[in-house]
Amino acid sequence: MKYWLMKSEPAAFGIDDLAARPRRTAEWDGVRNFQARNMLRDDFRKGDRAFFYHSGCAVPGIAGVVEVVREGYPDDTALDPKHADPRWFAVDVRLLRKLERVITLQELRSHATGALRDLAILRRGNRLSITPLSKKEWDFILSLA
DNA sequence: GCCAACGTTGGC
DNA sequence: GCCAACGTTGGC
């Protein structure tokens, strides 16, 4: 099983929007970055876990845990008829757990020289909307909840 | 292939 | 609203 962190702006799609969906399941689409695309297309597996991260908001941080329930498939929001091969990919995720409180970026950052020293979103200038985590990082962050 | 201009992300 | 960081675009 692999572990991921997926960013979304709650004003566009937040954890409560996912909770309101039938079967608490939604397509994770709209990713328009080649690195992130490659991970969605090639590396995401059914059963993988991901943190749902709220970005671009008053309190950025991890809001919940989701499970990958459908592996990479062409993103219908970006089908380009000129290309035989789809350019962008989506996955489906299901909400497993909304955290009682958001684990804030500030709190994550307080461990930036310790257990989370290699966490991708803490690296300067990182804007990638999908990043992998190690199991150690995953377990440590969950222990903060 | 270089690089300036521009657009986007995302924290503050 | 500001700005740093980064990706993309397009002229050359």
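Below, chains carry the letters A, B, ... as their sequence lines are ordered, and counting in each starts from 1. All heavy atoms count here, side chains included; hydrogens, waters and symmetry mates do not.
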Starting at [atom1] of [X] and ending at [atom2] of [N], how long is that distance when rounded to a whole Å?
X         : N       : atom1 : atom2 : value
Leu122(A) : dG10(B) : CG    : P     : 14 Å
Leu128(A) : dC6(C)  : CG    : P     : 12 Å
Arg127(A) : dC12(B) : CZ    : P     : 16 Å
Asn33(A)  : dT9(C)  : CG    : P     : 12 Å
His54(A)  : dG11(B) : NE2   : P     : 12 Å
Arg37(A)  : dG7(C)  : CZ    : C1'   : 14 Å
Leu105(A) : dG10(B) : CG    : P     : 11 Å
Gln35(A)  : dG7(C)  : CD    : C1'   : 10 Å

Against the side chain of Phe34(A), the closest entry in dA5(C), dT8(C), dG11(B) is dT8(C)
When you measure from the side chain of Arg124(A), which nucleotide among dG10(B), dA5(C), dC12(B) comes out closest? dA5(C)
Is Tyr53(A) near enough to dG11(B) that one of its side-chain N or O atoms lies under 4.0 angstrom from OP1 or OP2? yes
May I ask you to verify if any side-chain N or O of Lys7(A) is less than 4.0 angstrom from the OP1 or OP2 atom of dG10(B)? yes
Check every strand shown and say whether Arg123(A) touches a base, only sugar-phosphate, or nothing at a heavy-atom separation below 4.0 Å. nothing
Who pairs with Arg127(A) by salt bridge (charged side-chain N to carboxylate O under 4.0 Å, His left out), at least two apart in sequence or on another chain? none
Are the side chain of Glu71(A) and the backbone N or O of Lys46(A) linked by a donor-acceptor pair below 3.5 Å? yes
Are Phe52(A) and Trp4(A) an aromatic pair by the rule of ring centers under 6.0 Å? no
Contacts of type side-chain hydrogen bond (donor to acceptor under 3.5 Å, both in side chains), residue Arg123(A), not counting sequence neighbours: none
